[in-house]
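First the structure, in the form of structure tokens, and then the observations on it.
What you see below is based on every heavy atom in this structure, not just the backbone, and it leaves out hydrogens, waters and symmetry mates.
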Amino acid sequence: MVSPLDHHYKIWVNFLVILVVYTAWASPFEFGFFDKPEGVLHISDNIVNGFFAIDIVLTFFVAYFDKNEYDYITEPKKIAWKYATTWLVFDVISTIPTELVQLTLSSTTLQTYGLFNMLRLWRLRRVSAMFARWEKDKKYNYFWVRCVKLIFVTLFAVHCAACFYYCIAVNYHVPSKTWIGASMGNFHDQSLWIRYVTAMYWSITTLSTVGYGDLHPENTREMIFVIFYMLFNLGLTAYLFGNMTNLVVHGTSRTRNFRDTIEAATEFAHRNKLPDRLREQMLAHLCLKHRTDSEGLQQQETLDSLPKAIQSSIAHFLFFPVVEKIYLFKGVSKDFLFQLVSEMKAEYFPPKEDVILQNEAPTDFYLLASGAVDVLTDKEVVVREERAADICGEIGVLCYKPQPYTIRTKRLSLLLRLNRTSFLNIVQTHVGDGTIIKNNLLQHLKGSTDLKLEEFLMETEKMLVCDKMDLSPSLCFAASKGDDRLLHKLLNQDLYPNEVDENGQTALHIAASKGSEKCVSLLLDYGAHPNSRDLEGKVPLWEAIVGRHKSVIKLLINNGANLSSGDLGQFACTAAEQNSLELLMDIVHYGGDVKLPKSDGYTALHAAVTEGNVEIVKILLDHGAEMDKPSYDGWTPRSLAEQQAHEEIIALFEAKEEIIKHQSSGGVVHVPMTRVMVKYKSEPSMHPPFPEGTPTTGMWGDNRRRRKTSNFHNSIFGMVSAAEAGDKKSLSSGPLNAGNRGNYSARVTIGCPEKGNVAGKLVFLPGSLQELLALGSKKFGIMVSKVLTKEGAEVDEIELIRDGDHLILVSDSWAYEPIQTICKI
């Protein structure tokens with residue numbers, strides 16, 4: 001099959017138009033001035049006929065545009081039938097060789113040669129189609145195209161009239177009684193050129209109504225012809241004057257407006273230096289709008305001008321067969337589909353136009369009524385192709401997540417756009433159908449082999465089980481995906497750069513662990529703290545070191561990051577427990593102290609002895625680790641080595657002890673080697689979420705309150721669950737979990753007897769116990785380490801706290817007895 005839009009085929013069509021111009025001149029000329037084929041014209045005619053014969057064969061393989069389906073038809077049988085029932089007969093007749101005609105027709109037939117040649121003027125339809133294309137083509141000036149067309153029409157009319165008038169004279173039985181014989185008695189003996197010019201002169205003077213001079217009708221035949229020619233000239237003159245006036249004064253309003261719009265859009269693209277792809281998409285859309293308007297396909301505009309009831313009936317007739325085939329709506333009620341169809345908006349999209357962009361806000365999804373679209377990743381990789389009766393963009397809308405893919409049309413497509421708000425409003429009134437849609441979506445995700453959709457499925461199922469999932473695009477989400485474009489967009493929306501997830505990790509922690517240099521750079525540029533700590537005491541620099549992301553490490557250090565802000569004891573112990581000498585040396589290289597203990601008093605040397613790693617023990621001793629430093633349960637590295645019988649490590653300790661003795665200036669210091677069994681009371685300290693000096697206003701508590709709205713309840717799953725559960729307000733009466741806390745924030749009273757505040761302060765309950773401790777420390781100016789109920793019971797989990805509880809915040813230095821006394825009061 002050959003596409004009519006193919007570049008080579010367009011060259012062939014333009015070449016045939018040149019041959020048509022030749023035919024438009026030669027056919028009337030041969031009719032008027034020749035009785036039989038002769039000379040160069042005869043050879044040229046047969047060559048031209050040969051080219052048009054080739055085109056007849058070629059047409060059987062050229063796709064055609066069907067205005068009913070508004071698409072190109074490429075099926076060979078349909079193409080052949082279409083051509084055979086329209087232009088084939090006329091094309092064949094206009095291409096038959098002259099010699100064949102003379103053999104079949106009587107030689108006495110009047111002007112057999114010329115009359116048959118006039119049938120070749122059927123080819124003029126190609127010129128008419130060419131000018132129609134040029135008038136709509138943005139590459140050509142509309143005014144000059146119309147002028148050229150009018151000039152060609154005038155010249156063709158003058159040429160035909162001259163040939164016909166000469167034919168009347170040459171076939172008249174009294175040559176002297178003709179218009180040309182009266183002024184040129186021996187006109188048969190004159191050259192062909194003189195006779196043709198004389199005939200053209202007469203035709204032009206008659207057309208222009210200048211009047212007759214020496215050339216005028218001499219007999220009845222000529223007078224009759226002139227009468228009809230003058231009547232024709234009246235219409236032609238009116239046509240010429242009307243068109244020229246319309247062009248010069250008014251222009252063609254709709255086409256002119258279209259051209260003005262195209263010029264304005266082109267200027268806009270040039271002024272703003274838009275990429276070529278965007279510019280072409282913009283111009284293609286404007287051209288499509290003009291094309292659909294001109295061919296009566298402005299579907300949505302027509303529907304909008306009608307009453308609501310008629311709109312619904314028409315939409316049901318046009319779109320219902322498409323909608324009921326969509327996988328998402330399998331099994332739903334017809335009432336639901338009828339309301340859904342009434343809310344859809346039909347839109348045409350030209351080829352290669354973006355319908356949905358990746359990471360775009362989920363506001364609309366589209367159903368394909370006709371055409372096809374490609375589903376693309378951010379790297380322009382085609383994931384799959386969607387065709388008629390498919391749906392695109394529904395994953396982002398129903399899960400209330402940024403759109404996972406870009407949707408781009410492959411060819412001219414009719415899409416039915418459905419707004420998310422309208423869709424969910426209908427779902428709220430048809431909860432049963434909403435449940436069916438939810439299940440259909442889950443089944444679709446389960447049956448998909450797309451890795452990204454599998455991710456969506458895992459997250460969605462987790463959300464449904466736990467009823468707690470923030471599906472909105474957050475900084476932590478963007479950082480976990482390594483999506484710097486989404487991260488930049490969110491930061492531009494003034495999201496707090498130090499927001500934390502349920503583990504107390506910031507987006508910078510996650511980006512550093514992923515090794516995403518662009519994300520780390522963006523977060524630092526927008527004020528993310530380079531030394532923020534999570535609940536385990538980790539800092540972003542440690543995450544980058546563990547991941548061996550050298551470029552991220554360098555970037556963090558250049559922006560003031562250091563390991564000392566984190567739990568160095570935990571870092572060193574981790575390296576020793578993993579038997580990673582390289583990680584241990586990295587801690588030293590980046591300024592960390594490997595001899596510091598972690599929260600339970602254990603040091604990296606304890607861990608190395610337990611692992612029996614002699615090499616790491618030696619390195620730690622070289623960097624000042626103490627072999628007799630006890631942990632909180634009384635064990636020293638030396639006693640651990642003796643208990644586990646690590647002979648090489650014991651030898652290392654003894655060698656180190658000898659070195660210390662010789663280096664001592666105040667005599668020999670004896671260090672007993674017996675096990676130290678002193679018990680130390682464990683007093684776990686609460687690490688502040690950020691290093692000292694970091695401003696805490698608005699960090700955790702304030703930021704969470706600012707983003708309280710749970711986007712789970714904005715998704716199809718949350719809406720259906722809430723509707724099935726009944727009154728949403730009942731959520732606030734039960735234990736406060738992360739799901740209901742998103743929409744209904746608990747309010748509690750916190751008091752601090754140490755500061756004389758018994759009545760307390762009313763506050764919103766933060767998202768975790770650590771945040772509550774930090775909030776109390778800030779409110780009352782002490783290091784709060786415990787949360788007690790009014791009755792004196794210690795609270796270990798934030799989920800145990802209910803709306804309206806009165807909580808007492810205390811530090812370890814304060815005994816329980818005063819609380820009970822105060823509570824009695």
Side-chain angles (χ1 to χ4, degrees), residues 505 508-510 512-515 520 530-558 560-633 635-657 659-660 663 687 691:
Q505 286 196 320
L508 190 59
H509 281 90
I510 299 171
S513 66
K514 296 287 184 180
V520 170
N531 293 313
S532 54
R533 292 174 53 150
D534 64 9
L535 299 182
E536 296 178 3
K538 298 176 184 178
V539 292
L541 181 58
W542 171 249
E543 299 283 8
I545 291 173
V546 171
R548 300 286 190 269
H549 306 305
K550 293 184 179 180
S551 60
V552 175
I553 294 171
K554 183 178 179 181
L555 183 60
L556 288 168
I557 291 176
N558 291 339
N562 58 76
L563 284 176
S564 301
S565 300
D567 190 345
L568 282 173
Q570 180 66 43
F571 301 164
C573 287
T574 299
E577 290 167 358
Q578 295 178 0
N579 292 306
S580 177
L581 181 60
E582 183 180 3
L583 188 57
L584 190 68
M585 297 308 296
D586 282 341
I587 297 174
V588 176
H589 176 73
Y590 294 109
D593 189 349
V594 293
K595 61 180 181 291
L596 293 179
K598 57 180 183 178
S599 58
D600 58 2
Y602 273 79
T603 64
L605 190 57
H606 284 87
V609 170
T610 302
E611 294 293 327
N613 194 316
V614 179
E615 188 176 12
I616 291 181
V617 169
K618 186 176 184 304
I619 294 295
L620 289 170
L621 291 174
D622 291 341
H623 284 84
E626 298 177 42
M627 52 191 167
D628 293 310
K629 184 178 179 64
S631 63
Y632 288 167
D633 59 5
W635 290 94
T636 66
R638 188 198 297 269
S639 61
L640 280 175
E642 292 174 351
Q643 192 268 343
Q644 296 176 13
H646 293 307
E647 298 296 333
E648 292 184 61
I649 296 176
I650 294 172
L652 278 176
F653 286 163
E654 290 175 352
K656 185 67 176 179
E657 188 177 39
I659 294 174
I660 293 173
Q663 290 177 346
H687 296 290

Using a 3.5 Å distance criterion without hydrogens, assess whether the side chain of Asn531 forms a donor-acceptor pair with backbone atoms of Asn562. yes

Is the closest side-chain heavy-atom distance between Tyr602 and Thr610 below 4.5 Å? no

On a heavy-atom basis, the closest approach of Asp593 and Leu568 is N-CD1, 3.6 Å

Could you tell me the separation between the NZ atom of Lys618 and the CG atom of Leu652, rounded to the nearest 0.5 Å? 7.5 Å

For residues Ala572 and Val594, report the shortest heavy-atom separation together with the two atoms involved. CB-O, 3.8 Å

Okay, side chain of Arg533, backbone of Ser565: is any donor-acceptor separation there less than 3.5 Å? yes

Once rounded to the nearest 0.5 Å, what's the spacing between atom CG of Asp586 and atom CZ of Phe571? 13.0 Å

Measuring only between side-chain heavy atoms, which start at C-beta, is Ile553 closer than 4.5 Å to Trp542? no

Check: His606 and Leu640 side chains under 4.5 Å, non-hydrogen atoms: yes

Distance (rounded to the nearest 0.5 Å) between Leu605 CG and Arg638 CZ: 10.5 Å

Between the main-chain N or O of Leu620 and the side-chain N or O of His623, is there a donor-acceptor pair closer than 3.5 Å? no

Nearest non-hydrogen partners of Asp567 and Pro597, listed with the distance: OD1-O, 4.4 Å

Around Glu648, counting heavy atoms of other residues, nucleotides and ligands shown, do more than 12 lie under 6.0 Å from its CD? no

Value rounded to 0.5 Å, distance of NZ in Lys538 from CD1 in Ile545: 13.0 Å

Distance, nearest 0.5 Å, that separates CE of Met585 from CD1 of Ile619: 5.5 Å

Using 0.5 Å steps for rounding, measure from the CG atom of Leu584 to the CD atom of Glu615. 10.0 Å

Using a 4.5 Å cut-off on heavy atoms from C-beta on, say whether the side chain of Leu583 contacts that of Arg548. yes

Are Val617 and Asn613 packed together at the side-chain level, in the sense that at least one heavy-atom pair is separated by less than 4.5 angstrom? no

Heavy-atom check, side chain of Pro530 versus side chain of Pro540, under 4.5 Å: no

Provide the closest heavy-atom pair for Ala604 versus Ala576 in the form atom of the first, atom of the second, distance. O-CB, 3.5 Å

Does a donor on one side chain sit under 3.5 Å from an acceptor on the other, for Glu543 and Gln505? yes

How close do Val609 and Ala641 get, heavy atom to heavy atom, and via which atoms? CG1-N, 3.5 Å

Polar side-chain atom of Ser639 near backbone of Trp635 as donor-acceptor pair, under 3.5 Å: no

With side chain to side chain contact (heavy atoms under 4.5 Å, CB included) as the test, would you mind laying out the steps for Thr636 and Met627 before giving the verdict? CA-CA 7 Å; Thr636 66; Met627 52 191 167; over 6 Å; no

Residues which pass side-chain contact (heavy atoms from CB on, under 4.5 Å) with Glu577, listed by chain and number, not counting sequence neighbours: Cys573, Lys598, Ala607

With no hydrogens and no angle check, is any side-chain donor or acceptor of His549 less than 3.5 Å from a backbone partner on Ser513? yes

Sorted by chain and residue number, the salt bridge (Lys or Arg N to Asp or Glu O under 4.0 Å) partners of Lys629 (sequence neighbours excluded) come out as none

Within the distance-only criterion (no hydrogens, no angle test), does the side chain of His646 pair as donor or acceptor with the backbone N or O of Glu642 below 3.5 angstrom? no

